[in-house]
Structure formats: structure tokens, C-alpha cells
Amino acid sequence: MLDTVKINSPPTEGQQTPATVDLRALYAETQIEALLTELDEELIGLAPVKRRIREIASFLLVARARERLGFSSAPPTLHMAFTGNPGTGKTTVALRMASILHRLGYSRRGHLVSVTRDDLVGQYIGHTAPKTKEVLKRAMGGVLFIDEAYYLYRPENEKDYGQEAIEILLQVMETQREDLTVILAGYTDRMNTFFHSNPGFRSRIAHHIDFPDYTDEELLAITEKLARDAEYRLSESAREALREYIVLRRQQPNFANARSLRNAFDRARLRQAMRLFQLDGEVDATKLMTLEDSDIRASRVFAEPRSDDDATRLN
Amino acid sequence: MRVTQGTFSFLPDLTDDQIRRQVQYALDKGWALGIEHTDDPHPRNTYWEMWGQPMFDLRDAAGVMSELRSCREAHPGHYIRINAFDSERGFETVRLSFIVQRPAEEPGFRLERTEDRGRMIRYRLHPYATDKPSGSRYGK
């Protein structure tokens, strides 16, 4: 991806700084390629997200090279916002992001602290600041992932303590940039409203990454990968059933992309276990591994008309 | 007179970077860290004021350092120490304790002799600093 680029040292710098930096060597040194390839292979779809991550990785690598040549370099702003529908892989990517930043030397420990509003906002006056600060301290040296960040701001209640948490967050995001990277995640439309009412956040976040919905083919691939990882396999007819399942499930309310499919897979495993049990005979490895189409077609998604929006009975 | 208690107290004062590395060492060992301060330098004064609660589940020293910074701002003339607690045995035991700030001037101690029954002599250590009420010792 990167060609070896020779950068001449700036004329003002005469002392100990080297004249050139081998970007390719720097790239190999950080072992970032392995991580990025892993990201490409293990995460299905998400092409725009992967491209953005590669961009960010290259940018950080170049920033490192500039630093070695003695360019003045304030630490780059790395705070990110991940927006997208439920189940599009925001948390998974955030976890990868933490290790990518760690490899590139922009996160000292490379751990991810995942929080929601409840972990940051207190219940009474004076409770919020210590709570938020404690979370921030735990996340120092790594990545703070705030899921469903728009809940922090509740415009309908002006006494809401969320505002206090936001102020502390903003302050730390600005002053301790090299200690902490904040990733905000949430559904696209609600995050847009959130940024609109908190312009401070928008300007402090360098990378806005939008997670697209998965296509039907991608969802199928994801389910098959889930099955493979759990040492199951889908029979040919089951694959066909799953294809239909995805189309139907998408039309129903509370569709959560990969998460819905993971739930569907878990339920299919339950039904398979029941079916095998009722066979009442000997089972072999193939039988134990294979999910048949009946395991999938037994789902209520096939039975119920789509007008029924009783969410609890879906899947 | 320089108060020497805790680890490193016979060395020159640690720089912030050295403090950070000691803290990181403790965190890497899985110890919890607490910050405490006092303006009573008596050696038998074991229980110092706590600056917030001890910090558990930290991964990086930056969190402790920012707490230390705010403690220094609030108590510029106090002794401040960092304690590291090891919970391996089921209770939090101090494994490492070192002073990270001391007043610019430490007036030291006076030895007082008291005559007790039978002309027996009892000795008492009196810090000059505690002649003033707490909060107004050491200049500030």
C-alpha cells in the first residue's frame, strides 16, 4: 500500500535528525499490516470503514515519520465518532482500533474501556463528576468507547447531569489528547442531533466514520463465519433458508443487522439440539455439526405476517 | 530537617517522570493506588488525609498523575505520598509508599525531655511545624 518515500529534512533542522525515513521499514516495524489484513479478513463487508481505517493508519504512520525528521508535531487528534445502525460492527471495530492505535504508538496500553451513559452520569448532584473522572482514569492510556453517546445529552431536561459529564469529557479530550482517545458511537440520526446540540464535540472529533448496513450476501457470509467459528456448518438447503430468512427479517421491525443474525444462529442451534434429541438414536460428528433448513424454517419470522410488530416475539 | 519515610526517601526528590514510572510499575503489578496528603510530619502520624478514593482498575499512570496534579494544586505546601496496595492476600496491603511532594522548608523536630516519676526521663518528639494550626503550617 505504501511506497518508500524519501522525505528531505526541513532546512531549519540541522542537528541530530536523520535526513530520510523509510516509511516501508516504519510500516514493517509497527507490524500494522498483520492487523489490517486481519481486519480485512475477519470483518465482512464494511468497505468504507476499512478504507477509513487504512487512511488513519497511514496518516499516523506519516505523522511518526515527520516526528522522526524533527518536524514540530502536536499529537494528532484521534477522537472518533462511529455512526451506523444497530449491529453494524461499531464495537468490534472500536476494539480493533484500540490495538491499531497501540501498534502505531498512539495508545500506550491499547485497552478499550466500553461505557454507556449509566457509567458516566450520576444520580444526584455531585455524583457525576467523580464517576466520569473515574471512568476517564481507567481509560487513560487506551481508548474510551462511549456507546449510544447521544443519551449523554437530554435536551428535554435542563437539569440533567449529562451536561456535566459532557463538559468533563470535552476538557479531557482537549487537554489530555496523548493519554486518551475517545470513540463515540451511536445511531446515525440521533448522533447527528447530538453533535448539532453539542458543537464542542463535533469540532474535537477528527474522524467521523459511518457504518453502512450489511447487504443480504454479507449477512449470509457473516452467519456462515459465525457457524464456522462455532464449529457448525450449514447444509445447502439451510443456506437457502437463511437467504430467505434474511430477506424476511430485514422487513420486520427491530432488525439489527449482524446481531439479529447472531441471535438467529443461536436459536437455530437450540432447535438443532432439540431435533437431534428427538431422533433418539446415535448421532455422528456430521449430524452434530450440521444445521438443517428445518432448524431455520421453524423461526417465527417465516410464520408471522410482517404487520405484527410485537418485537419480543420476533426471530 | 528532611523527613524520610517511605521508599526512595533518602534519594533526591523524584521527578514527575520518575514518579510516573514508579506508578506504572505498581499498576503493571496489579496494585491499586491511593494519594494521601498531610501537614503533620510527625513520624507516628500514620493516617494521612486521603485525596479521593484509592484508584482501582487503572491501566496507565496518566490517571494517577492527573490526580496528583490536582492534589498538588489544592495542597501546595503539604506532604503528599502515593501508596500502592496489593490485594493478593485478600486484603489491601501497602506494598509501596513514597513521598511525591514535600514543603519547601521543613523546620524539623524538637526533642523534649519530661521528668517522670522517680526522676525517670521521658522523651518526646515535637515537630516545629505543628506549633501552628493545621492548614497554616509551611507558609500556606
Side-chain angles (χ1 to χ4, degrees), chain A residues 75 77-79 94-95 97-116 118-120 122 126-146 164-165 167-183, chain B residues 14-37 48-76 80-88 92 94-98 100-101:
Chain A
T77 312
L78 288 170
H79 306 309
L95 204 57
M97 206 66 213
S99 42
I100 289 175
L101 292 178
H102 182 51
R103 286 284 168 83
L104 288 167
Y106 284 93
S107 162
R108 284 193 298 272
R109 311 281 144 216
H111 66 294
L112 182 89
V113 174
S114 177
V115 297
T116 54
D118 288 353
D119 301 296
L120 295 170
H127 191 203
T128 303
K131 233 179 152 179
T132 307
K133 279 186 187 150
E134 197 181 315
V135 167
L136 285 168
K137 274 187 278 180
R138 269 198 288 139
M140 290 277 168
V143 172
L144 177 65
F145 180 73
I146 306 179
E164 200 180 339
E167 273 155 31
I168 297 172
L169 268 176
L170 284 177
Q171 196 198 345
V172 172
M173 280 165 79
E174 189 60 38
T175 56
Q176 289 185 277
R177 254 184 291 176
E178 68 280 8
D179 291 330
L180 179 70
T181 304
V182 177
I183 299 180
Chain B
L14 299 185
T15 64
D16 274 10
D17 190 51
Q18 287 166 332
I19 295 170
R20 191 185 54 73
R21 282 159 67 187
Q22 290 299 337
V23 169
Q24 191 59 53
Y25 170 81
L27 290 175
D28 291 344
K29 291 267 181 187
W31 300 340
L33 286 147
I35 297 176
E36 296 177 345
H37 64 96
W48 294 21
E49 310 285 334
M50 287 167 76
W51 177 257
Q53 284 160 2
M55 291 164 265
F56 298 94
D57 303 326
L58 262 56
R59 292 284 301 272
D60 191 82
V64 178
M65 294 310 284
S66 63
E67 281 299 325
L68 176 60
R69 234 181 344 265
S70 44
C71 183
R72 278 175 171 164
E73 269 167 34
H75 303 287
I80 300 177
R81 71 180 174 197
I82 288 179
N83 293 338
F85 304 96
D86 180 4
S87 63
E88 200 183 339
E92 301 287 347
V94 175
R95 284 294 288 269
L96 174 68
S97 171
F98 57 100
V100 289
Q101 175 181 286

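The chains referred to below are lettered A, B, ... by the order of the sequence lines, with proteins before strands, and numbering in each begins at 1.
- In the displayed structure, B/E88 atom CD is contacted under 6.0 Å by at most 12 heavy atoms of other residues, nucleotides or ligands.
- Rounding to the nearest 0.5 Å places CD of B/E67 at 9.5 Å from CE of A/M140.
- Annotation: the span from A/L136 atom CG to B/S66 atom OG amounts to 8.5 Å, rounded to 0.5 Å.
- Atoms CD and CE, on A/E134 and B/M55 in that order, are 9.5 Å from each other to the nearest 0.5 Å.
- In this structure, A/K131 places its NZ atom where more than 12 heavy-atom neighbours from other residues, nucleotides or ligands lie under 6.0 Å away.
- The distance from the CZ atom of A/R109 to the CG atom of B/L27 is 8.0 Å, given to the nearest 0.5 Å.
- With contacts defined as side-chain heavy-atom distances shorter than 4.5 Å, the pair B/M65/A/Q176 does not qualify.
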